[in-house]
Amino acid sequence: TKLNIPADRMVAANWIYQFSIISFCFSVMSASYNAAIIAREKMQIYAYVSIVEAILKLLLLFLLLYLPGDKLIIYGLMMCMITIAIFIFDCCYCTSLFAECRLITGVDSSVLKKLGSFASWNIFGTLSNIFSGQGVNILLNVFFGVVVNTARGIAYQLDNAVNTLVQNFIGQGIVRIAVPM
């Protein structure tokens, strides 16, 4: 009831909302697999997956110029598909290589308590980050309208994809930064 969404774009907004919920669910499920990859120090795989994800997102932005149809719905669908594809890869990779990623029948309550403590602090930090970013989106939408909000969203996605790509190239040693002595 607070956002400025044109009546003719409500269908697209609803689709984006549904794709966002699906993407969120797969991202949450993927977090444990990412943690396993990092804990096992498989940073090369982590970097390659992040590079592929960033390239796919950049490719999506460029493809939007040429794809017919409602660009917003296509964007939401493709972002959701990228998230699901990354989750499937992480799930297959981790369950095939790491015993701790396979299902078990018993639960140790002391381990569960430690995991709950870690997860609650992690969720607090993540929710703070989400509310900060989404709060800016809501304020932009209310005070400046849909066009400014959309422009920020696209610019943010592009910035995130480029930064991820560059950081992973630097992390893999592909790009060396010269530090003057």
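Keep in mind it's a predicted model, so treat the numbers as computed, not measured.
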Discussion item. Within the 4.5 Å heavy-atom criterion, are Ile84 and Ile22 side-chain neighbours or not?
Written reply: yes
Worksheet entry | Tyr33 side chain reached by Thr95 side chain, heavy atoms, under 4.5 Å | yes
Worksheet item: Are any side-chain N or O atoms of Asn163 and backbone N or O atoms of Asp159, one a donor and one an acceptor, separated by less than 3.5 Å?
Response: yes
Discussion item. Same cluster or not: Ile130 versus Leu139, using hydrophobic residues (I, L, V, M, F, W, Y) connected whenever any side-chain heavy atoms lie under 4.5 Å apart?
Written reply: no
Practice prompt. Please answer: with hydrophobic residues joined when any side-chain heavy atoms are less than 4.5 Å apart, are Leu72 and Phe19 in the same cluster?
Written response: no
Fill in: Gap between atom SG of Cys80 and atom CG of Leu77 - 0.5 Å precision
7.0 Å
Item to complete: Give the minimum heavy-atom separation between Thr83 and Ser23, together with the two atoms involved.
Response: CG2-O, 3.6 Å
Worksheet item: Is the closest basic N to carboxylate O distance between Arg9 and Asp70 below 4.0 Å?
Response: yes
Response to the item:
Applying side chain to side chain contact (heavy atoms under 4.5 Å, CB included) to Thr150 and not counting sequence neighbours gives Val146, Ile154
Discussion item. Keeping Ser120 on the side-chain end and Gly116 on the backbone end, is there a donor-acceptor pair under 3.5 Å?
Written reply: yes
Worksheet item: Are Phe26 and Phe89 joined in one hydrophobic group, where the rule is that I, L, V, M, F, W and Y side chains link up if heavy atoms are under 4.5 Å apart?
Response: no
Discussion item. Please check this pair: side chain of Arg102 against backbone of Cys94, looking for a donor-acceptor N/O pair closer than 3.5 Å.
Written reply: no
Worksheet item: Which atom names give the shortest non-hydrogen contact between Phe62 and Tyr66, and what distance separates them?
Response: O-CD1, 3.5 Å
Item to complete: Can you establish whether the number of heavy atoms outside Lys71 located under 6.0 Å from its atom NZ is more than 12?
Response: yes
Item to complete: Could you tell me which non-hydrogen atom of Met43 sits nearest to which non-hydrogen atom of Ile38, and how far apart they are?
Response: SD-CA, 4.2 Å
Worksheet item: Between atom CG of Asn137 and atom CG of Asn149, what is the distance when rounded to the nearest 0.5 Å?
Response: 5.0 Å
Discussion item. Can you confirm whether Phe98 is buried at CZ, in the sense that more than 12 heavy atoms of other residues, nucleotides or ligands lie under 6.0 Å from that atom?
Written reply: yes
Discussion item. To the closest 0.5 Å, what do you measure between CG (Leu56) and CD1 (Ile51)?
Written reply: 12.0 Å
Discussion item. Any donor-acceptor pair under 3.5 Å linking the side-chain atoms of Asn160 with those of Gln157?
Written reply: no
Item to complete: Please name the pair of heavy atoms, one in Asp90 and one in Ser30, separated by the smallest distance, quoted to 0.1 Å.
Response: OD2-OG, 3.1 Å
Discussion item. What's the separation between atom CG in Asn129 and atom CD in Gln134, rounded to the nearest 0.5 Å?
Written reply: 9.5 Å
Item to complete: State plainly whether one hydrophobic cluster holds both Tyr17 and Phe24, where clusters connect Ile, Leu, Val, Met, Phe, Trp and Tyr through side-chain heavy atoms under 4.5 angstrom apart.
Response: no
Worksheet item: Hey, what do you get for OH (Tyr93) to CD1 (Ile45), rounding to the nearest 0.5 Å?
Response: 4.0 Å
Fill in: Validation row: Phe87, Met29 side chains within 4.5 angstrom (heavy atoms)
yes
Worksheet item: Same cluster for Leu59 and Leu65 if Ile/Leu/Val/Met/Phe/Trp/Tyr side chains link at under 4.5 Å?
Response: no
Item to complete: Grab the two heavy atoms, one from Gly76 and one from Ile16, that are nearest each other, plus how far apart they are.
Response: CA-CD1, 3.6 Å
Fill in: Donor-acceptor contact present, side-chain Ser50 to main-chain Tyr46, <3.5 Å
yes
Worksheet entry | Side-chain heavy atoms of Tyr75 within contact of Leu60, under 4.5 Å | yes
Worksheet, complete the sentence: Sequence neighbours excluded, the answer for salt bridge (charged side-chain N to carboxylate O under 4.0 Å, His left out) partners of Lys57 is Glu53
Worksheet entry | Distance in Å, Ile82 CD1 paired with Ile55 CD1, rounded so as to fall on 0.5 Å steps | 11.5 Å
